[in-house]
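Structure, as structure tokens:
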Amino acid sequence: HLLSKNVMLYHDTSNHYIKDFSILTECDVLISGPSTFVTAAGMMGKHKKIIHSKDFVEQFKEKDQEWYSSFGNGMFFHDLVIPSHEKDIDTLDLCIEGIRKNVKDVGRVIVVSRNKLTDDAEFFPEEDLQYSLEDVGEIIGFHHKIFNYYADLIEGTALMEIPDLSNDVLVCDSDTIFTRPVEFFDENGNALYSPSYDIPKHVYSHPYLEHAEKMIPGLTKQTEYSGIVHHMLMQRNILGEIWDQVEERTGMPFWKATLTAATEDFKCLPTDKKIEDCPLRMTIYELYFNYVLKYHKENVALRPLNSILAY
């Protein structure tokens, strides 16, 4: 409608709240939902027309804070993405139920799969991704490990392709069930990560770590822990930084560069073994984990969680 009226639209993809706030302060007209973020922007910058919900504004005459999120200030609202497969059908709804019951401030819950598997969450079809299982096979080969590489790619890229997600997205395996309340931001706004020893603490030469350094030269293991667990909070602005660096350096889309790096020779692996005969050579979780610890350490904190592994 706006385009038909020759109204200029500007969509900023940086997902940074300060930049969004700056844009709002310079608008001629603000049409606001129940948001003090927009209300504050309306009071600053150029003189503008502001359209608010009358009920939202007038509630502050009598009461305050009832509309806030459970974090107290509403800044840490996040969406959730669950990559899934038909084999996970027995646990998927339990996973979603545990998330809605125990993960604070969850917005949208989206399941990424080939076919729709549940009515309890939004469905995002794999066919809408930039790549297909066949594309993955063309790079790493058609063998029994193709599904591992495909699944890892979905975990680390789907949140950048699903429209209108929040900046903060929790990615979760569909066989992971949260049984107790859990938060993914602390009281200072730091993103919380649950580490593991998937890579033992004394090991610094490992395919996952070598792959991460192929993607971001100079990126090494930042802690004794590994970032590989069954869920991870990923922030789209930070993942976007990684994408931009990789794509600029390689001249390839991030997904293709990720797979291509996995096909190269690895110092920590025998050169005479085929990729299907080696341990998995990549995980975007480990790449992201060490990247935030190195380049955004002031905004993250490690918070181990107890878990039970049952198969």
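Values reported hereafter were calculated over all heavy atoms of this structure, with side chains retained and with hydrogens, waters and symmetry mates removed.
- For NZ of Lys214, the number of neighbouring non-hydrogen atoms (other residues, nucleotides, ligands) closer than 6.0 Å is greater than 12.
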Next on the checklist: Run the side chain to side chain contact (heavy atoms under 4.5 Å, CB included) test on Tyr285 and Val171 for me, step by step, so that the C-alpha distance in whole Å, both residues' side-chain angles and the decisive distance to 0.1 Å come before the verdict.
Outcome noted: CA-CA 10 Å; Tyr285 275 10; Val171 182; 3.5 Å; yes
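- The distance between the ring centers of Phe178 and His231 falls below 6.0 angstrom.
- For Lys46, the NZ atom sits in a packed shell: over 12 heavy atoms of surrounding residues, nucleotides or ligands are nearer than 6.0 Å.
- Taking the side chain as every heavy atom from C-beta outward, Ile146 and Ile140 approach each other to under 4.5 Å.
- Taking the six-membered ring where the residue is Trp, Phe37 and Phe21 present perpendicular rings, their angle passing 60° and hence far from 30°.
- Atom CZ of Phe124 is separated from atom OG of Ser84 by 15.0 Å, given to the nearest 0.5 angstrom.
- For the 3.5 Å distance criterion, the side chains of Asp88 and Ser174 qualify, holding a donor opposite an acceptor.
- Here the shortest heavy-atom pairing between Cys268 and Pro207 reads SG-N, 3.4 Å.
- Using a cut-off of 4.0 Å between Lys/Arg side-chain N and Asp/Glu carboxylate O, Asp119 and Lys116 are scored as salt-bridged.
- The two atoms that bring Arg236 and Ser166 nearest to each other are CD-O, 2.9 Å, heavy atoms only.
- Taking 4.5 Å as the limit, every side-chain heavy atom of His230 sits out of range of all side-chain heavy atoms of Ser307.
- When each of Leu80, Leu233, Val109 is paired with Cys172, the side-chain contact (heavy atoms from CB on, under 4.5 Å) condition holds for Leu80 and for no other.
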Next on the checklist: Run Ile238 and Tyr295 through side chain to side chain contact (heavy atoms under 4.5 Å, CB included) and show every step you take.
Outcome noted: CA-CA 9 Å; Ile238 295 177; Tyr295 297 108; over 6 Å; no
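- Met252 and Leu259 fall into different hydrophobic clusters, where Ile, Leu, Val, Met, Phe, Trp and Tyr side chains are chained together by heavy-atom contacts under 4.5 Å.
- Ring geometry for Phe254 against Trp243 counts as parallel: the plane angle stays under 30°, on a 0 to 90° scale with 60° as the upper cut.
- Checked by atom type, the side-chain pair Asp265/Thr271 shows no donor-acceptor distance below 3.5 Å.
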Next on the checklist: Pair Thr260, Thr250 - check side chain to side chain contact (heavy atoms under 4.5 Å, CB included), show working.
Outcome noted: CA-CA 10 Å; Thr260 301; Thr250 65; over 6 Å; no
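- No more than 12 heavy-atom neighbours from other residues, nucleotides or ligands sit within 6.0 angstrom of CD on Glu97.
- Counting heavy atoms from C-beta outward, Thr223 and Leu293 have side chains that approach closer than 4.5 Å.
- Val246 is listed as a side-chain neighbour of Ile216, based on a closest heavy-atom distance under 4.5 Å.
- A distance of 12.0 Å separates OG1 in Thr176 from CG in Leu94, rounded to the nearest 0.5 Å.
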Using atom types as modelled, flag every donor-acceptor pair under 3.5 Å from a side chain in residues 149-160 to any protein atom, sequence neighbours excluded.
from, atom 1, to, atom 2, distance (Å)
Tyr149, OH, Arg281, N, 3.2
Tyr150, OH, Glu126, OE1, 2.8
Asp152, OD1, Thr283, OG1, 3.2
Asp152, OD2, Ile284, N, 3.0
Thr157, OG1, Tyr131, OH, 2.5
Thr157, OG1, Leu153, O, 2.6

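- With hydrogens and angles ignored, the 3.5 Å screen pairs a side-chain donor or acceptor of His211 with a backbone N or O of Thr258.
- Ring geometry, Tyr197 versus Tyr225: the interplanar angle falls from 30° to 60°, so the pair is classed tilted.
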Checklist entry - Would Val112 and Ile82 count as a side chain to side chain contact (heavy atoms under 4.5 Å, CB included) if you check the C-alpha gap in whole Å, the side-chain angles of each, and the deciding distance to 0.1 Å? => result CA-CA 6 Å; Val112 181; Ile82 308 171; over 6 Å; no
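- Taken from CD in Glu286 to OG in Ser226, the straight-line distance is 3.5 Å, to the nearest 0.5 Å.
- The pair Glu183-Lys104 meets the salt-bridge criterion, since a charged nitrogen lies less than 4.0 angstrom from a carboxylate oxygen.
- Ionic pairing of Lys49 and Asp28 is not present here: no N-O contact between side-chain nitrogen and carboxylate oxygen is shorter than 4.0 angstrom.
- Side-chain contact between Ile228 and Tyr208 is present, with heavy atoms from C-beta onward closer than 4.5 Å.
- The pair Glu122-Arg108 meets the salt-bridge criterion, since a charged nitrogen lies less than 4.0 angstrom from a carboxylate oxygen.
- Distance check, rounded to the nearest 0.5 Å: CD of Glu127 to CG of Asn115 gives 9.0 Å.
- Between the side chains of Asp168 and His78, not a single donor N or O lies within less than 3.5 Å of an accepting N or O.
- Ala257 approaches Met215 most closely through the heavy-atom pair O-SD, 3.9 Å.
- A cation-pi arrangement, defined by a distance under 6.0 Å to the six-membered ring centre and an angle within 45 degrees of its axis, is present between Lys221 and Tyr204.
- Note that CD of Glu213 is 7.0 Å distant from CG of Leu219, once rounded to the nearest 0.5 Å.
- Using a 4.5 Å heavy-atom threshold, the side chains of Pro125 and Ser113 count as separate.
- In this structure the side chain of Phe185 never reaches within 4.5 angstrom of the side chain of Leu192, judged on heavy atoms.
- Annotation: the span from Leu30 atom CG to Ile50 atom CD1 amounts to 6.0 Å, rounded to 0.5 Å.
- Nearest heavy-atom pair, Cys278 versus Lys273, reported as atom, atom and distance to 0.1 Å: SG-CB, 3.6 Å.
- Checking Glu241 against Asn237 by side-chain atom types alone, no donor-acceptor pair falls below 3.5 Å.
- Looking only at side-chain heavy atoms (C-beta outward), Arg114 and Glu86 come within less than 4.5 Å of each other.
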